[in-house]
Amino acid sequence: MASEQEDFLFADQEVSHDTQEGDTGFWDVLVVDDDPEIHSVTKLALSGVEFWGKTLRFHHAYSGKEAVASLKNLPEVCVLLLDVVMESDDAGLNVVKQVREEIGNHAVRIILRTGQPGYAPEEKVIREYDINDYKMKTELTRGKLVTSLMTAIRSYQQICELEQQSVALANILDASQAILGHTDMVSFGKAVVQQLAKIIGALDSGLVAGVTNGSRVIIFGGTEHYEEFIGQGLEQLDNGRVIMQVQNCFDREVHQHTDHDITFLLEGKSRKAAIFVEVEQPPSASQLQFAEIFLTNVGVGVDNIKLINELRDVAYKDALTRLPNRANFVDLIAQFYQPGSDDLVFVLLDIAQFSDINNGLGQEVGNLLLLAVKERLCLEFPQSQLLSRIGADVFGLLLPSQLFDEQGFVDTITVPYQVGEHVLTMHFHIGVCRQADFHHLGLETLKLAYIALNQAKQANKILDWYTPDLEEKMAWRLGLIRQLRQDFEMSKLEVWYQPQFSLETNNVIGCEALLRWPSGNGDYISPGIFVPLAEDSGLIVDIGQWVLEQACKLQHQLSAQDIDISVAVNVSVPQFKVNNYAEQVKSTITHYQVSPEKIELEVTESVVMDEVKTVIETLGELKSFGVEVAIDDFGTGFSSLSYLQQLPLARLKIDRAFVKDIPDSDSGAIADLVISLGRHLGLKTIAEGVETQQQADVLKKLGCDEVQGFLLAKPMPKDELLVFLNATDHDK
Ligand code: C2E
Ligand code: MG
Ligand code: MG
C-alpha cells in the first residue's frame, strides 16, 4: 500500500514537472483537505481511472489558504475536491468564494465534501458559487466518486469549449470586421495577416501573396519587414524558407506547416492567395478551425476588393490610355474652381475625322493614334495637369494660362504622328475655357469647354474660347431643337420643291426637295439655321427619312401624271451613320413604287469626307440600285480628287458662292474650273443660286448643263409645283 502510495507521489511529481511543458494528457484534480488520510484514500480510490483517454493527475492542498494559492498557479485544474471544514468551519466555503470572485475562475468544477452532516452549505450558496456536488465523506465510495468526477469533468469540458468558442467567435468577428472596408489590396493584406496572427496566437509578421495571370507569385500585402516586398515577386524575398513554403502552398494546394510558420491557402472565387504567418508555437486544432472560418471571410473580402477595384477602374480609368476618364475628370476638375483665379486654362481637344482612321486603317491603328496623342501631350506639356480621355477621340488637360499659346499649342499637336508604319497628319478642334469661367460643378465646367469646342467645329475653326455669351447661344439652340422636335412630331414641317432647268432646252429636268419650318407667324425659319441643329441633335435622321418619303410620294404622283423629272433630296452626315442607311433608302423607294433613277441624293463634300469608306460603300450600293448621286455645294469643301473619282456620281452642283458675283466681280473662273472638272470626270454640272439672266448666260457659255435659282423658279409647296410643272415644259 505504502509503495503504491509512493508510486503515486512519484507519478505526481513527474506530472507536475510535465505541467510546465503544457502537457494536456491529464485531468488535473486538486484535492483540498486538512486530513492527509483523505488525500491518500482519494488517490487510491481513483487510481487507474481514465476519462476520454486521459488519466487523472492530482495536486494537493491541506488548508483553504493553500488551496487558493495553488489554484492561482494551476489554472488548468478542472475539479476541486474540497473539504468544507478545515482551519475554520467555513474554510471550504471561503475557498469557493475566492475562486469564483477573486481569481475569477468560473470553469473549475467544485465537489464539496464534509465529514459532518451539519456543515452542509445552504442551497443558495451551492447555486451562487456554481458548486457541482456536495457529498458526505462517508458517501465517497470509489463508484460514487468516479461518477461524481466524471460528471464534473464533462461539465468542465463543456464550459471550457463554450468559453473558448465565444472568445474565438468574438475574435473572428472582430477580425472579419477589421479586414472589411479596405479597398486596396495592400492595406487589406496587412489587416489579414494581423488578424490571422491574433486568431492563431502567432507573431504579427507575415505576408499575403497571389498568382498573376503569368503564373508569377506576387506579394501584395505584408507586415513587419515583409512590407518592403509588397508589389514584388516572391522570389525577391530574402528568406528561402518563406519562398519555399508559399510556393509549395500554391503548388500542392494545401496549407503548409513548419515549426516556425504556417502558410494558409486561400481559394477565392476568382483567384488563389497564400497567407504566410510566422508562429512561435503550433496553434491548437481549434485555433486552426477558427482560422478556417476567418479565411472564408477573407476570401469574400478578396473578391470584394477585386470587384471594388475593377469597378473603380471601370468607373474612373480609361482602359486604353490608363488616363482618368470623363467621370474621373469631372470629379477632379471641381477642385480647380477658384473664384478670382485665372491661372489655368482647360483645353479640350477633339481629333477631327478620327473615325476615318478607325474605318480606313483599322481600330488597332486608331488605338495607337490615341496613345500617340497622349504621349505627345505628356511629352510636350509636362506642366499640364489632369490629362484625361474624356471621349472616344477627346482629350482634356489643364495648362498654366501663361504658358498657353494658341498657335504654339496647335502647331505642337499637329506635327504628324508616327503610328506603326503610318505617318498621320491629324487635325483637331479645340475648345478652351479660362479658370475664371470654371463652375463649381465639374460637369458644368466640362460643358463650357464643350460649348467652345462645338463652336469651333461649327465655325470650322481649329480653336475657340468659351465666352459667357456662347452659353446663351447654346441655350437658344437647345430651345430651338426642342421646338423643332415637337413641331416635327406634330407634322408641322413642310417640304417645298425648287425646279431645276436644262440650260440647253430650258425645260425643267428635276426639282430639289427643301425643308421648310413654319415659325407660326407666317414666316419660315431658314433650313440654314435649323438643319445644322437637327444634325447636331440627331433629329435629322428621322426628318431626313420623312423628306425622302415626301419626295417618293411626289415622284409617284409625277409619274402618274407622266411628268418625267427627277427629285433631289439632301442627305446629312448623321443619316449615313445609321447602320442600314442604303437598305432603308432602297426599301422606301420600293415601297412607293418609284423608279430609283428618278431619285437623286445630294451629299455635300463634308458628308463624303466624314467617313470616306462608309460613304463610298453606301453610295455605291445605292448607285447599283439605280439612285443618282450629286455633290452639293461643290467647291466649298475640301474634297480630294481621288475620293471624288471613287464616288458613283452623276452631277456636281456648283455652289451659289461661285455664281452670285458673276459677271460683276467674278468672271466665273471657279465655275469654269468646276465645269471642266465635271466634264473631265464625265459628270453633269448644275449651278445653284442663279438669279440673273447674265449669270445663266455666262454659265451656259462655260458649258454648264443645268441651273437652279430664283431667276427661273423659287422653292414652292408641292401643289404649286404641280401647277407650275403643268404650265411649264419639262423633259419627258
Ligand atoms: P442646298 O442644298 O444648297 O439648297 C439650296 C439652297 O439655295 C436652298 O436654300 C435654296 O432655297 C437656295 N436657293 C436656291 N436658289 C437660290 C437663289 O437664286 N438665290 C438664293 N439666294 N438662294 C437660292 P434653303 O432652302 O434655305 O436651304 C438651305 C440648305 O438647307 C440647303 O442648301 C441644304 O443644305 C439644307 N437643307 C434644306 N432641306 C434639307 C433637307 O431636307 N435635308 C438636309 N439634310 N438639308 C436640307
Ligand atoms: Mg441641296
Ligand atoms: Mg447647295
Side-chain angles (χ1 to χ4, degrees), residues 212-214 313-314 317-326 329 347-384 387-397 399 405-431 453 456-457 460-463 573 576-577 579 581-582 603-621 631 637-649 681:
T212 63
N213 292 342
D313 265 15
V314 171
K317 270 240 162 66
D318 165 48
L320 174 71
T321 59
R322 308 304 298 157
L323 290 177
N325 65 8
R326 181 189 153 100
F329 179 86
V347 184
L348 189 67
L349 74 162
D350 177 315
I351 308 176
Q353 276 126 30
F354 177 70
S355 51
D356 280 356
I357 303 288
N358 261 346
N359 296 333
L361 302 174
Q363 201 150 336
E364 188 106 321
V365 177
N367 286 350
L368 289 175
L369 172 65
L370 290 169
L371 290 170
V373 172
K374 168 199 164 180
E375 282 304 308
R376 174 79 52 87
L377 292 170
C378 286
L379 213 71
E380 298 290 341
F381 305 104
Q383 327 79 349
S384 75
L387 175 60
S388 309
R389 186 173 174 206
I390 287 172
D393 53 0
V394 180
F395 290 90
L397 68 159
L399 281 171
D405 153 44
E406 263 181 53
Q407 195 52 50
F409 186 84
V410 172
D411 290 348
T412 306
I413 56 164
T414 42
V415 172
Y417 291 85
Q418 177 81 47
V419 175
E421 66 209 25
H422 310 274
V423 176
L424 304 175
T425 304
M426 300 311 300
H427 297 283
F428 294 84
H429 292 294
I430 301 165
L453 177 67
K457 278 187 187 172
N460 228 328
K461 284 162 69 177
I462 296 179
L463 185 146
V573 175
F576 275 92
K577 295 197 168 155
N579 255 347
Y581 179 64
V603 296
T604 58
E605 288 165 288
S606 64
V607 170
V608 180
M609 295 307 292
D610 187 71
E611 295 214 3
V612 178
K613 203 166 153 241
T614 335
V615 171
I616 290 177
E617 271 172 22
T618 311
L619 291 180
E621 190 181 339
I631 289 277
F638 314 94
S639 312
S640 99
L641 284 180
S642 68
Y643 288 149
L644 267 189
Q645 277 171 317
Q646 293 175 49
L647 287 170
L649 298 179
L681 294 170

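Here the structure is a predicted model, which means the values were calculated and not measured. Excluded from the calculations below are hydrogen atoms, water molecules and symmetry mates; all remaining heavy atoms, backbone and side chain alike, are included.
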Roughly how far apart are [X] [atom1] and [Y] [atom2], rounded to 0.5 Å?
X      : Y      : atom1 : atom2 : value
Ile357 : Ile351 : CD1   : CD1   : 8.5 Å
Phe354 : Leu424 : CZ    : CG    : 10.5 Å
Gln353 : Asn359 : CD    : CG    : 12.0 Å
Leu348 : Ile390 : CG    : CD1   : 5.5 Å
Ile462 : Thr414 : CD1   : OG1   : 7.0 Å
Ile413 : Leu377 : CD1   : CG    : 7.0 Å

For [X] versus [Y], what's the shortest heavy-atom pair and its separation?
X      : Y      : answer
Asn358 : Gly366 : OD1-CA, 3.5 Å
Lys613 : Gly360 : CD-CA, 4.4 Å
Gly408 : Asp405 : N-OD2, 2.9 Å
Thr321 : Lys374 : O-NZ, 2.8 Å
Val373 : Phe395 : CG1-CE1, 3.7 Å

Quick check: are there more than 12 heavy atoms from other residues, nucleotides or ligands sitting under 6.0 Å from CG of Asp411?
yes
Other residues, nucleotides and ligands only: do more than 12 of their heavy atoms fall within 6.0 Å of NE2 on His422?
yes
Of Val394, Leu370, Asn325, the residue whose pairing with Arg389 passes side chain to side chain contact (heavy atoms under 4.5 Å, CB included)
Leu370
Side-chain (Arg326) to main-chain (Gly391) donor-acceptor, under 3.5 angstrom:
no
Pairs touching residues 359-383 that satisfy ring pair (Phe, Tyr, Trp, His ring centres under 6.0 Å), sequence neighbours left out:
Phe381-Phe409
Taking ring-ring contact (aromatic ring centres under 6.0 Å, His included) as the definition, give me every residue that meets it alongside Phe576, ordered by chain and number, with sequence neighbours left out.
Tyr581
The complete set of salt bridge (Lys or Arg N to Asp or Glu O under 4.0 Å) pairs with one or both residues in residues 350-373, sequence neighbours excluded, reads Asp350-Lys457
